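Just below is one structure, and these are the notes that go with it.
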Amino acid sequence: MLKNFHFINNKKITLIIVGVVLLVGILSFVIRGFNLDIDFTGGYELTIDLGEATSNQIASDVKGLIEGDKELGKDYVSSVTYSENSVKIESKNAMTTEQQNHLLEIICEKYPAASTEVQLNNISPVIGTRTLYTALITVIIAAVAMLVYIAIRFQFASGVASVACLLHDLFVMLVVYSLFQIPISSSVIAAFLTILGYSINATIVVFDRIRENRKKDDKAPFAEVVNTGIHETMGRSVNTTITTLLTIGAVFVACAVAVIIFPTSNLDTLRDFAGTLIVGIFAGLFSSVFLSGMIWNALSGIKLGKKAK
């Protein structure tokens, strides 16, 4: 399908796609914002002794009980886990004394042996905030290190192109999470950092082939050298993506099914991690094939670096 596609001459198509994603992303950030997990927003944990052995089904029933209640509802339950005879209810919103009493009433009505006391713990967002801060610092350091490394190995223009591709991939993942209001937790941040390494590897493969072709024919127009290099590495890029997706996709589907069957299994964290990787992998494929060479060629035209050796 892309056999005769010229990635440089048809750069307008790439720019239109990137422009649409950029516009949709900015609008989504402004209108919908982000659904931050309790790790970042902070919240409350309420532990209630049910007076009987608990199970995954009981925890699921308790969650459904709260979500279906007119006075409480979904806003007052993020997750419900269980341990021995008790259930732990996590909520982003604080409950008033009246709401806690009402919660006890509806639970005692269903579980007569339940305790009439609630153990309340405050969840601080400090750890999540530190994780986010550390992640941002890590991204900045990694971007600078990659820029220096690629600038030395290839040229400064290619280093700038690689960093631009990384920012594109991270932006696409943020757009997806904003559009679909997927909770952003510490596990998602870990997936973002994982994609940095995956994406830059695919880009370097393309750049390496461009450099090799440049050595073979240093008189050919750089745009043609770039286009040839992308085509020669496209098979490798696609095959690597498919192979990776088979594994990550299997993990995502297995966890998604498990969460539906066992809502309190806590596998939603692994599901979100795998889902983030899938989005990042597709974004990385697009940026390495369509963006990286195009940006390098454009920057080389304005003399940002010496000719690749």
Side-chain angles (χ1 to χ4, degrees), residues 27-50 54-83 86-111 114-125 127-129 131-132 173-189 191 252-253 255-276 279:
L27 289 175
S28 182
F29 295 165
V30 173
I31 298 173
R32 295 179 64 82
F34 295 97
N35 181 14
L36 297 177
D37 192 68
I38 199 170
D39 294 345
F40 299 103
T41 61
Y44 298 85
E45 284 183 350
L46 296 92
T47 303
I48 302 175
D49 189 342
L50 297 184
T54 54
S55 65
N56 185 79
Q57 184 59 51
I58 289 179
S60 179
D61 291 342
V62 170
K63 184 178 181 181
L65 196 66
I66 300 172
E67 289 179 338
D69 186 75
K70 293 181 180 180
E71 186 173 332
L72 296 175
K74 294 182 178 180
D75 291 340
Y76 288 92
V77 57
S78 300
S79 65
V80 178
T81 55
Y82 66 94
S83 175
S86 62
V87 289
K88 182 184 293 182
I89 303 165
E90 286 191 355
S91 171
K92 291 183 181 180
N93 300 316
M95 290 185 187
T96 63
T97 303
E98 292 75 15
Q99 287 174 321
Q100 291 180 33
N101 292 334
H102 177 69
L103 173 63
L104 284 174
E105 287 178 8
I106 61 176
I107 288 182
C108 287
E109 184 178 343
K110 186 173 180 64
Y111 303 98
S115 172
T116 56
E117 294 183 359
V118 175
Q119 181 181 342
L120 180 63
N121 293 318
N122 181 33
I123 300 176
S124 172
I127 295 178
T129 303
T131 300
L132 183 59
M173 288 188 285
L174 287 174
V175 171
V176 171
Y177 271 78
S178 176
L179 277 176
F180 296 100
Q181 289 295 288
I182 304 172
I184 296 182
S185 62
S186 53
S187 65
V188 171
I189 300 299
F252 177 80
V253 172
C255 291
V257 172
V259 169
I260 294 174
I261 299 175
F262 307 107
T264 59
S265 61
N266 288 331
L267 286 175
D268 52 338
T269 300
L270 184 56
R271 178 202 60 193
D272 293 344
F273 180 83
T276 307
V279 174

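Since the structure is predicted, the reported quantities are computational estimates derived from the model, not experimental observations.
Remark: A256 pairs with R271 by the side-chain contact (heavy atoms from CB on, under 4.5 Å) rule, at least two apart or across chains. Residues satisfying the side chain to side chain donor-acceptor pair (under 3.5 Å) test with S28, not counting sequence neighbours, are S178. Partners of V257 under the side-chain contact (heavy atoms from CB on, under 4.5 Å) rule, at least two apart in sequence or in another chain, are V253, I261. Shown here are the side-chain contact (heavy atoms from CB on, under 4.5 Å) partners of Q99, two or more places apart in sequence or in another chain: E71, L72, Y76, M95, T96. Every side-chain contact (heavy atoms from CB on, under 4.5 Å) that V77 has, sequence neighbours left out, goes to K63, I66, E67, V80, I89. Among residues two or more places apart in sequence or in another chain, the ring-ring contact (aromatic ring centres under 6.0 Å, His included) test is passed with F34 by F29.
Side-chain atoms of N101 come within 3.5 Å of backbone N or O of T97 as a donor-acceptor pair.
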V87 and Y111: side chain to side chain contact (heavy atoms under 4.5 Å, CB included), yes or no, with the steps?
CA-CA 12 Å; V87 289; Y111 303 98; over 6 Å; no
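Contact between Y177 and D272 at its shortest, heavy atoms only, is OH-O, 3.1 Å. Of all non-hydrogen atoms in I106 and L103, the two that sit nearest each other are CG1-O, 3.1 Å. What you find for T276 and M173 is that their closest heavy atoms are O-SD, 3.6 Å.
The CG atom of D49 sits 11.0 Å away from the CD1 atom of I107 when rounded to the nearest 0.5 Å. Atom-to-atom distance recorded for L46:CG and L104:CG is 8.5 Å, nearest 0.5 angstrom. Considering CG of L50 and OG of S86, their distance stands at 7.5 Å, rounded to 0.5 Å. The CG atom of D69 sits 13.5 Å away from atom NZ of K74, with the distance rounded to the nearest 0.5 Å. Here the straight-line distance linking atom CG of L65 with atom OG of S60 works out to 11.0 Å at 0.5 Å rounding.
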